[in-house]
There are 2 protein chains.
Amino acid sequence: MDKRLRFISHLRCFESAARFQSYSQAARELSVTQAAVSQQIRNLEQQLGVKLFSRQGRNMLLTQQGQTLAEYVRQAFSTLSSGFDKIMVEPEDGVLTVTASLSFSSVWLVPRLWKFSSQYPNISVRAVASAQLEDLRYSDIDVAVRQADEIKADVHQEVLIVDPVYPYCSPNLVEEMDLHSPEKLADCWLVEAIDPGRFSWKTWFDTAGVKMQRELISWIEVTTWEMGLNAVMSGHGVCLASASMASELVNKGLLVRPFDIPIEPGLKFTLLYDKESPKLARINIFAEWLKTELTQGDSSPISVARPTEHNLRP
Amino acid sequence: MDKRLRFISHLRCFESAARFQSYSQAARELSVTQAAVSQQIRNLEQQLGVKLFSRQGRNMLLTQQGQTLAEYVRQAFSTLSSGFDKIMVEPEDGVLTVTASLSFSSVWLVPRLWKFSSQYPNISVRAVASAQLEDLRYSDIDVAVRQADEIKADVHQEVLIVDPVYPYCSPNLVEEMDLHSPEKLADCWLVEAIDPGRFSWKTWFDTAGVKMQRELISWIEVTTWEMGLNAVMSGHGVCLASASMASELVNKGLLVRPFDIPIEPGLKFTLLYDKESPKLARINIFAEWLKTELTQGDSSPISVARPTEHNLRP
DNA sequence: CTTATCCATAAGTTTTACTTATATAACCTT
DNA sequence: AAGGTTATATAAGTAAAACTTATGGATAAG
């Protein structure tokens with residue numbers, strides 16, 4: 001056993017710092033402080049008796065010897081990763097833990113899980129609702145589905161669909177309020193998220209070419225898409241929602257889309273998982289099913305206003 | 001950065017245990033306790049979620065997955081060792097620290113270092129005398145020369161010579177005591193080490209075919225070969241010493257070998273160094289010089305009794 | 001010149017890796 | 001069968017390593 005392998009744990013810091021040429025960035029990657037990285041590398045240099053980095057202002061450049069070692073370390077780490085991959089593969093069958101927002105979980109995912117289960121009876125899906133993205137690398141959660149324009153996470157990301165966002169309300173309200181033009185919406189209660197971002201009623205009215213006077217409208221504020229949908233389903237105003245999320249309710253005749261005017265680009269649905277997960281086989285099956293289900297789920301609305309001339313849709 | 005590399009330091013225990021199929025032997029190799037190895041491997045198995053060993057009575061057999069991982073780890077470690085080798089090579093020039101027994105250091109090595117230095121002026125040798133073999137892997141000592149039949153050490157060993165052991169005394173004593181037959185030695189003071197092992201006067205007399213009566217002989221006990229040589233050099237009796245150690249003194253006419261009857265196999269001189277030392281180039285130069293010097297140093301004695309018929313020498 | 005960013009270092013804190021002690025099982029010898 | 005030896009497993013305790021926090025110095029950019 002090579003005695004120099006006693007310092008093997010230091011090599012993680014070394015390899016990361018070598019790649020970034022920066023201790024701070026290495027520290028971020030490894031989720032430790034800069035000082036920890038600095039000390040580990042100093043320690044490694046002392047033990048090996050070799051100077052691996054030379055400081056150039058704020059950059060840590062590799063010495064010739066540092067470059068040589070970095071190459072070998074990279075190769076060794078790659079070999080180890082391959083070894084781990086080889087022994088850590090789980091079969092397709094088994095449990096899969098999926099996390100998504102409360103809205104998506106309750107409105108979309110959970111109502112459809114029976115479909116997945118009947119198609120893949122040997123895969124058991126456990127749904128976990130969470131407001132934030134959960135850790136996918138170091139926790140026991142395997143897959144996440146999130147709705148956001150950009151997700152900062154150090155895992156694999158895959159856009160499933162970009163879901164247009166339309167107004168939705170109960171069928172009764174369409175008749176009751178005679179909703180045949182976008183302007184008429186100003187007479188209704190409008191349901192809006194506390195922090196809607198791009199998916200605000202203002203954005204929609206702009207898209208529809210209608211001038212909105214916020215102070216003349218009655219507002220209902222909600223914290224989740226689900227709450228919005230639940231509100232309008234019982235006749236309380238009109239809300240904005242993505243087509244997929246509303247599709248089940250529309251299919252059941254509980255909601256209609258009064259105007260076929262979307263906010264686009266719509267709501268991005270992203271699938272996230274750890275590329276190094278031993279459950280990759282299982283995750284891939286779920287991902288395919290999810291993608292299919294999301295794209296097929298956008299069926300035509302039962303009742304909808306015709307497009308105006310400046311907003312033609314195929 | 002592969003998150004599974006967090007467990008990289010556990011892989012030392014794993015690889016050793018895999019090779020030995022024994023935690024105890026791994027523990028010995030790594031200089032830790034069996035319990036430490038057991039816990040590290042249990043930890044690794046838990047973290048990876050993979051069973052790596054299965055117990056068969058007193059053996060720890062690798063599972064299929066354990067075997068697979070062991071192969072990858074071996075390969076990765078080999079790559080790292082190569083990397084270390086590549087960056088840790090020192091040039092031929094520089095300092096070399098040599099350890100040897102007090103006797104060899106003072107009687108043989110130090111008096112000859114000027115020869116090495118003039119031949120290799122860019123290599124500076126530092127001689128360290130020690131009663132025991134020093135640690136060559138984790139200390140700053142590069143090379144050891146020891147005299148012993150068997151040396152237990154986890155480093156590279158190379159027999160330099162097997163040096164015959166003869167009686168030596170001052171030239172005056174040969175005349176004074178008329179030492180023309182081995183039997184005459186019983187009338188002299190005999191110098192012997194406290195724990196001579198194979199190199200006792202009894203062994204020599206047996207070799208010479210002379211019956212020794214210990215209680216009729218006057219004894220001087222010494223702790224080192226050097227002390228013995230110093231004693232007889234000043235006329236105090238006869239001591240046993242290896243040819244090389246005595247050669248300088250013989251050449252200078254300070255000692256003679258009264259009888260050309262050796263104890264053989266003689267005293268084994270072994271060179272030891274760490275095969276992974278960055279100073280290998282330097283060590284090899286020193287080793288070659290040492291070997292040459294030791295074999296050339298066994299010159300003929302100035303005054304010696306002729307061999308008897310049952311102890312002919314070429 | 002000021003501000004921001006980066007690494008180096010010392011001191012303190014937390015976590016990991018180790019040791020010791022003991023239990024259990026397997027193996028060997030008489 | 002009994003007794004002794006050898007091997008690993010585990011719990012509790014200890015020591016060492018790895019980390020954090022705080023601070024200083026250097027550099028780069030505005």
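Numbers restart at 1 for each chain; the letters A, B, ... are given by sequence-line order, proteins then strands. What you see is a predicted model, and the numbers here were worked out from it, not measured in a lab. As a basis for the values below, the full set of heavy atoms in this structure was taken, side chains included, without hydrogen atoms, waters or symmetry mates.
- Rounding to whole angstrom units, CG of residue L44(A) and C1' of dC19(D) are separated by 17 Å.
- Out of dA9(D), dC19(D), dT19(C), the shortest distance to the side chain of Y23(B) is found at dA9(D).
- Between the base of dA9(D) and the side chain of Q34(B) there is a donor-acceptor pair shorter than 3.5 Å.
- Between I8(B) atom CD1 and dA18(D) atom C1' the separation is 16 Å, expressed in whole Å.
- Annotation: Y120(A) is not in aromatic contact with F286(A) [ring centroid separation under 6.0 Å not met].
- Listed pair T33(B) / dT19(C) meets the phosphate criterion, a side-chain N or O lying under 4.0 Å from OP1 or OP2.
- The CG-C1' distance, from N59(B) to dT6(D), rounds to 11 Å in whole Å.
- The environment of K3(B) atom NZ is dense: over 12 non-hydrogen atoms of other residues, nucleotides or ligands sit within 6.0 angstrom.
- Applying the 4.0 Å criterion to OP1 and OP2 of dT8(D), one finds that S24(B) has a side-chain N or O inside that range.
- A side-chain donor from one of S200(B) and T203(B) sits under 3.5 Å from a side-chain acceptor of the other.
- The separation between L61(A) atom CG and dT27(D) atom C1' is 14 Å, rounded to whole Å.
- Listed nucleotides: dA18(D), dT19(C), dA17(C). Nearest to the side chain of H10(A): dA18(D).
- Heavy-atom distances to DNA chain D give each of A35(A) and S9(A) a nearest nucleotide, and the one nearer the 5′ end belongs to S9(A).
- The nucleotide whose nearest atom lies closest to any side-chain atom of R42(A) is, among dA9(D), dC19(D), dT9(C), dT9(C).
- For the pair S38(B) and dT8(D), the criterion of a side-chain N or O lying under 4.0 Å from OP1 or OP2 is not met.
- Sparse packing is recorded around NZ of K86(A), with 12 or fewer heavy atoms of other residues, nucleotides or ligands lying under 6.0 Å away.
- L52(B) places its CG atom 15 Å from the P atom of dT8(D), with the value rounded to the nearest Å.
- When each of Q39(B) and R55(B) is assigned the nucleotide of DNA chain C with its nearest heavy atom, Q39(B) is the one assigned upstream, toward the 5' end.
- Across the protein-nucleic acid pair, F53(A) atom CZ and dC6(C) atom P stand 15 Å apart, rounded to whole Å.
- Under 3.5 Å, the side chain of R58(B) and the base of dA7(D) form no donor-acceptor pair of N or O atoms.
- Atom CZ in F20(A) sits roughly 18 Å away from atom P in dT5(C) (whole-Å rounding).
- Taking atom CE on M60(B) and atom P on dA25(C), their separation rounds to 15 Å, with Å as the unit.
- Taking the six-membered ring wherever Trp is involved, the centroid distance between the rings of Y72(B) and F84(A) does not fall below 6.0 Å.
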